[in-house]
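I have placed the structure first, in the form of structure tokens, so that the comments after it can refer back to it.
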Amino acid sequence: MPTLLWTDGLIFLLLFMVVMFVLHVRRHEHLLRPWRSVLRSRVAMASAVILSVYLVIGLLDSLHFHPKLDNPKAEQAQYSTKINSVFDVLVSHLLEQDEKTYSAPFAAYQYSKETIELSDGSTVRELPRLKFGGAHLTDPDSEKVSDIFNRTLVASTKALVVFIVMIGLITWRIAAKKSWPFSNVIKSILKGEMETPWKVIFITLGMSFWVLIIAWDLSHAYHIFGTDKVGQDVYYQAMKSIRTGLIIGTLTTLVMLPFAVLMGISAGYFRGWIDDVIQYIYTTLNSIPGVLLIAASILMLQVYMANHAEDFASLAARSDMRLLFLCIILGVTSWTGLCRLLRGETMKLREVDYIQAAQAFGVGHMTIILRHILPNVMHIILISVVIDFSGLVLAEAVLSYINIGVDPSMNSWGNMINSARMEMAREPVVWWALAASFIFMFVLVLAANLFSDAVRDAFDPRLREREE
Amino acid sequence: MTEPLLQISDLKVSFGSTPAVNGIDIIINRGETFVLLGESGCGKSISAMSVMRLLPNSATINSGKILLDGEDLLQLPESNMRTIRGGKIGMIFQEPQTSLNPVMSIGSQIAESLTWHKKLKGKSARNRVVELLEAVGLTDADRRYDEFPHQFSGGMKQRVMIAMALAGEPELLIADEPSTALDVTIQAQVLELLLKLQKERNMAILFITHDLGVASKMADHVGVMYAGKIVETAPRDQFFKTPAHAYSQKLFAALPSKIKRQEEEKNLVKDQVSDVLLEVKNLDVHFPIRTGFFKKVTGHVKAVNNISMTLERGKTIAMVGESGSGKTTFGKGVLQLIKPTNGSVVFDGIDLTKLSLAELRKRRTDIQIVFQDPYSSMNPRMIISDIIEEGMVAQGIGKTKQARIARVEELLEQVGLEKEHRLRYPHEFSGGQRQRICIARALAVDPKLIICDEPTSALDVSVQSQILTLLKDLQSRLGLTYLFITHNLGVVEYIAHQVAVMYQGEIVEYGDVEQVLYEPKHGYTQKLLAAVPTIETGT
């Protein structure tokens, strides 16, 4: 039975808005122009591919449902109170391969010694074999390396096949669209003569598929990022955290934008007492430490949820509520920067001749704001949204680290880092949870930053003039 | 004849594959002024910058020689170039506001150059700077040494710039439109100063300008530049008497003047009934000065002070004045974009200052405005059709979309553009075309009065005359009335019936064109007229 969590709904609403925006942009030449230069940038397209891999995983993880219970006696279908996502089904093998406790990446043995009772009644302390990791090997010490190598080779072949099929499909699409012969398209892509850097896109796509398929194949036989304290697969946790990171990065912006845009533009356009009020609001809000506000509201939410336990059917619904609340409170505390930028830009714009001309025509204030000011500050909004994204993903990690972030039961990079605090103090060190969350977060933030750089360059009027 | 100081031969500069300067030759002798005349984008500034070797990175010098005293500047290493810049060659830029560092006192900015080129330090450097400041005509130079750029007016700043350029005792001074950003009276002073300094120091000047009047005042030789080439070089007298090249002749023909206007007016029948369209009585626009935490009003800036005037239907009045004289504020006050403090603006029998906002909005069709800068007066994110249509939609003119489109197309043709231009964006048009679109936009709501706020001063001379002709033509066809704000007296002669001279927010002289321009009564008007650089053919 499909179910819609609050954040799921909002993330799909956001996706819908983005699609509408893209359709709108495609119809307007002047809006399309800066995006074309983003499409032409190699770095931007490579990071866009990485971002979309993350996005697909995040979206698959946002399609939630209650799994059906196997109960032959019941007449009507019965559903579990547990909530699963489509992504969980895809990687179900990871969910089922729980170990007892810590194990290192690609290990066949547990990380800590255990007392094992032998059949003759005596006990020894040794490293027990894992239930799943490398369980198919008879002698892990001698076979493991060659087994991993073989599996990688097989996976690489699969990746190559997928890669070729995909290139073929895309090239065929381009050829059909441009009505060029297929071979010509291939040639100009390889020579880098196309406007869009297809070669770079293909290479990045190929690399991502290669990594994904190898990870997929190996994860059936090993814990590629090890297991955590309760034996859960760290690779699975890191993948599940993608959705949390994406939601924090995007929904916060959705919350923030109306405040920032509305207040910033009205302050700059109307000036006078409206400007004074808005300025006082954001200077006041700015002078309260953000962490304090966030901590206070999260604590309030916890009290509320404890008192109204009946409203939250499942653990997932509860942690989802907390995530949404975190987005809202992050949004409420972070709109001031953009608001200030927009106020300044609007103040500059309202003195520009075309706004004065519109006033001389007797055009109403709302129309002037919507037709003249908003489109001319759109680039600022866009740039700041894209730049804020990576900052927010990192903010989540910091907040979870001090325990006011997302629910501890929810998978997130912040929670992984938080628990790694204890693991780093162990001897020998358990490093893989930290490493996994670091790698996943690093790749996402780096891709987002590179992409936002390209967007900023494309929309920055000063750079554009030089180009022309 | 002695060897020339600067000799440029076959200089070619290009940006990527587009040539900017296409093989020019210039020879300047000591103590002479060579005026490089041309419209914007013809490559004159690029030529000057190549002499200094200060071209932007995207430009490359493809060929040519620049000989200064027989030494090829293009072959010198960069370290030697630094002693030449500011030492042998001084440079003055167009915009004095941005050429000075706002956080350094002007004295120390000049001293910087002295320390580098003349190895002067401390007291002796200071004394030299004071001497230089006195030479460029700054009084009380010793005190002003420690002042900062914001304490100086535009003309003063340009004097400081000249002092700075003179610090290294250059043999060649490059002046890139040094007087364009200044008011006429200040311009006259700066030009006078340059001539005086040139005589004293026997400097050569490479003077860049687009203004024929200025060229006539400064030049020994004139080179006319067009599309990266010098199309004509001639001694001053010969050039102004008999310009040889077709392009030079076109420049002369484009100058708006009285003679041209009289020729045109012969063809017009004067049968207009004189009735007053606009009557301004005792108009004040004061801006309050607020200080302190509670923003208490402590005084007023009297931008427009007690102005009265009347304007007849179908006539043009020109408001003339220097920057800061309140002409634009007056225009916006008439339009009610700025609420006047006192007085009345009676338009067609109705006092606009007494109308409520809603009533005013309905009357917005009657008065329209055309701005100075054609680049900032259109929303870059709207197509031309939407820009022109905006007023019609706001005022409910043209019931259907089709009717409005038909009207837009008609307007575009009326201002000399094509129907198809309707679907383009503003950036696809040149400055002159944009100004035509702005005029079409103003015409869209059938106004009776158009306020033209320096509509031609951002345009090149040849384009300027086209726009003026268009405005005159529209006036005679549609019976429009213009309130024409300008600082260019040549334009006034061409287009206006009446003139009001504004000075510090007040009208100091007001009357018919002939009377004000040829028999000015007020001292300020006389000063203003005397300052205009005119082309004198004899010497």
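Heavy-atom basis, side chains included; hydrogens, waters and symmetry copies ignored. Residue numbers begin at 1 in each chain, while the letters A, B, ... track the order of the sequences.
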Legend entry - Residues of residues 337-353 of chain A with any heavy atom under 4.5 Å of a heavy atom in chain B: Val352(A), Asp353(A)
Inset, instruction - Count the heavy atoms belonging to other residues, nucleotides or ligands that lie under 6.0 Å from NZ of Lys177(A), then report whether that count exceeds 12. - result: no
Legend entry - Whether over 12 other heavy atoms sit under 6.0 Å from Leu357(B) CG: no
Inset, instruction - On the 0 to 90° scale, with breaks at 30° and 60°, tag the His372(A)-Tyr354(A) ring pair as parallel, tilted or perpendicular. - result: tilted
Legend entry - Residue among Cys438(B), Ala442(B), Pro447(B), Ser377(B) with most heavy-atom pairs under 4.5 Å to chain A: Ser377(B)
Legend entry - Ion pair check, Arg441(B) and Glu390(B), cut-off under 4.0 Å: no
Inset, instruction - Taking Arg364(B) for its side chain and Gln359(A) for its backbone only, find out whether a donor-acceptor pair lies under 3.5 Å. - result: yes
Legend entry - Crowding at CZ, Phe429(B) (>12 non-hydrogen neighbours, <6.0 Å): yes
Legend entry - Test side chain to side chain contact (heavy atoms under 4.5 Å, CB included) applied to Trp335(A) and Leu285(A), step by step: CA-CA 10 Å; Trp335(A) 58 272; Leu285(A) 203 60; 3.5 Å; yes
Inset, instruction - Find the one option among Gln395(B), Gln368(B), Arg363(B), Lys332(B) whose heavy-atom pairs under 4.5 Å with chain A are most numerous. - result: Gln368(B)
Legend entry - Asp453(B) portion near chain A, given a 4.5 angstrom heavy-atom threshold: neither
Legend entry - Pairing of Glu359(B) and Lys362(B) as salt bridge, 4.0 angstrom limit: no
Legend entry - Contact winner vs chain A - Leu335(B), Val445(B), Leu337(B), Ile369(B), heavy-atom pairs under 4.5 Å: Leu337(B)
Legend entry - Most contacts with chain A, counted as non-hydrogen pairs under 4.5 angstrom, among Ala444(B), Ser376(B), Ala394(B), Pro380(B): Ser376(B)
